[in-house]
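Chain letters run A, B, ... following the sequence lines, proteins first and then strands; every chain starts at 1.
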Protein chains: 2
Amino acid sequence: MPTSQDLKDVGLKTTLPRLRILSILEEGEKRHFSAEDVYKRLLEADEEIAFATVYRVLTQFEAAGLVLRHNFEGGRSVYELDTGEHHDHMVCVQCNKVTEFFDAEIEERQKSVAARYNFDLQDHSLYMYGVCTECRQAS
Amino acid sequence: MPTSQDLKDVGLKTTLPRLRILSILEEGEKRHFSAEDVYKRLLEADEEIAFATVYRVLTQFEAAGLVLRHNFEGGRSVYELDTGEHHDHMVCVQCNKVTEFFDAEIEERQKSVAARYNFDLQDHSLYMYGVCTECRQAS
DNA sequence: GTATATGCAAAACTTTTGCATCCTT
DNA sequence: AAGGATGCAAAAGTTTTGCATATAC
């Protein structure tokens, strides 16, 4: 459950839409949501929040550093709570499940590639696409 | 200069729009184009090709394996000729220049991460964002 | 001649924005 | 009370599609 303090901490006023949306992002079981995913969860919970507000809140959360935004294949943005622990992503092309992983060696090699090109590395995204273990077994 | 044979080789009829667009993609100096980039180059060369055709041709080229499609930050797709030599990308957030690189160790580690998760890795995209050496010197 | 490609316009889809109203502090 | 947030609808940006016409083989 998010508290008013969580929002104040990042300089945002406490409002119902923000609390509800943050609550969905914090749920735990699922961590990656498109704007539509979030909107649908709100509808299911009978929360009357406009689609435009969902986008505005997610964008504010991103600017405030609460949330990360990803561009997987498929043309729609995906948002996740920023836990502060960097990780990369595996996306199952069959069930769309997203799995997080971290590999220190990959991180290191990126830095060294950037250094070799005198490139000031600020950010990166590594997305691996394939079929997850559950989907492999099901087929 | 692309030839009719290049298109026939991948099962596509020879048409003027296809030859012209392939020619732009093969130019050499620049390798990464949004659909609009391609359209603008056609206009500059006084080629009267519809925007819809540009999209259709790029999509067909992708399906035929001639072209790769990327989703960098920014919401628009970027296309490049598939040379068959896999590489990843550095994107300058100031001048938008795209630099290609390859690191065997990063490739290997991805495979081993996938194996650890029993994930059938089919594809991946690694985009590094930052400031290129030219832009760093200019500032 | 037949199947396929193109041009044009309209639609689809995702995301953003203007503006009046409502809410937080 | 004042500034900021929300709802609604409309707009913007990118990409796709329907359909009549034109083109490749």
Please report, rounded to the nearest Å, how far the [atom2] atom of [N] is from the [atom1] atom of [X].
| X | N | atom1 | atom2 | answer |
| --- | --- | --- | --- | --- |
| B:L16 | D:dC25 | CG | P | 12 Å |
| A:I21 | D:dA5 | CD1 | P | 13 Å |
| A:Y55 | D:dA12 | OH | P | 18 Å |
| A:K8 | D:dG4 | NZ | C1' | 15 Å |
| A:L58 | C:dT15 | CG | P | 10 Å |
| A:R20 | C:dC23 | CZ | P | 15 Å |
| B:Q60 | D:dT16 | CD | C1' | 13 Å |
| B:L19 | D:dT23 | CG | C1' | 13 Å |

Is the shortest side-chain N/O distance from [X] to OP1 or OP2 of [N] below 4.0 Å?
| X | N | value |
| --- | --- | --- |
| A:S77 | C:dT14 | no |
| A:T59 | C:dT15 | no |
| A:R18 | D:dA5 | yes |
| B:T15 | C:dT6 | yes |

Practice prompt. With sequence neighbours excluded, give me every salt bridge (Lys or Arg N to Asp or Glu O under 4.0 Å) pair touching residues 81-95 of chain A.
Written response: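 Sorted result for residues 81-95 of chain A: empty, none.
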Worksheet item: Which word best sums up how the rings of A:H70 and A:F72 line up, parallel for under 30°, tilted for 30 to 60°, or perpendicular for over 60°?
Response: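 Rings of A:H70 and A:F72: parallel, as their planes differ by under 30°.
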Worksheet item: Which residues within residues 37-54 of chain A lie with some heavy atom under 4.0 Å of an atom in DNA chain C?
Response: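 Contacting residues: A:A52.
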Worksheet item: Starting at the 5' end of DNA chain D, which residue's closest nucleotide do you reach first, B:S4 or B:Y79?
Response: B:Y79
Worksheet item: Is the shortest heavy-atom distance from the side chain of B:I106 to the side chain of A:Q110 under 4.5 Å?
Response: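 The answer is yes, as the side chains (C-beta and beyond) meet within the 4.5 Å cut-off.
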Discussion item. Taking any heavy-atom pair under 4.0 Å as a contact, classify A:S34: base, sugar-phosphate, or nothing.
Written reply: nothing
Worksheet item: What does A:R56 touch in the nucleic acid at a heavy-atom separation under 4.0 angstrom: a base, only the sugar-phosphate, or nothing?
Response: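 Base contact - A:R56 has a heavy atom under 4.0 Å of at least one base atom.
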Practice prompt. For the residue pair A:H86 and A:E100, confirm or rule out a side-chain donor-acceptor distance under 3.5 Å.
Written response: no
Worksheet item: Are B:E80 and B:H89 linked by a side-chain donor-acceptor pair shorter than 3.5 Å?
Response: yes
Discussion item. Of the options C:dT16, D:dT14, C:dA3, whose atoms approach the side-chain atoms of B:K13 most closely?
Written reply: C:dA3
Worksheet, complete the sentence: Of D:dT15, D:dA5, D:dT14, the nucleotide closest to the side chain of B:R69 is D:dT15
Worksheet item: Hey, mind stepping through A:Q60 and A:R18 against side chain to side chain donor-acceptor pair (under 3.5 Å) and telling me if it holds?
Response: CA-CA 10 Å; A:Q60 289 161 343; A:R18 285 175 183 158; 3.2 Å; yes
Listed pairs under 3.5 Å, donor-acceptor, residues 39-57 of chain B side chains, sequence neighbours left out:
residue : atom : partner : partner atom : Å
B:R41   : NH1  : B:E27   : OE1          : 2.5
B:E47   : OE1  : B:R20   : NE           : 3.0
B:E47   : OE2  : B:R20   : NE           : 2.9

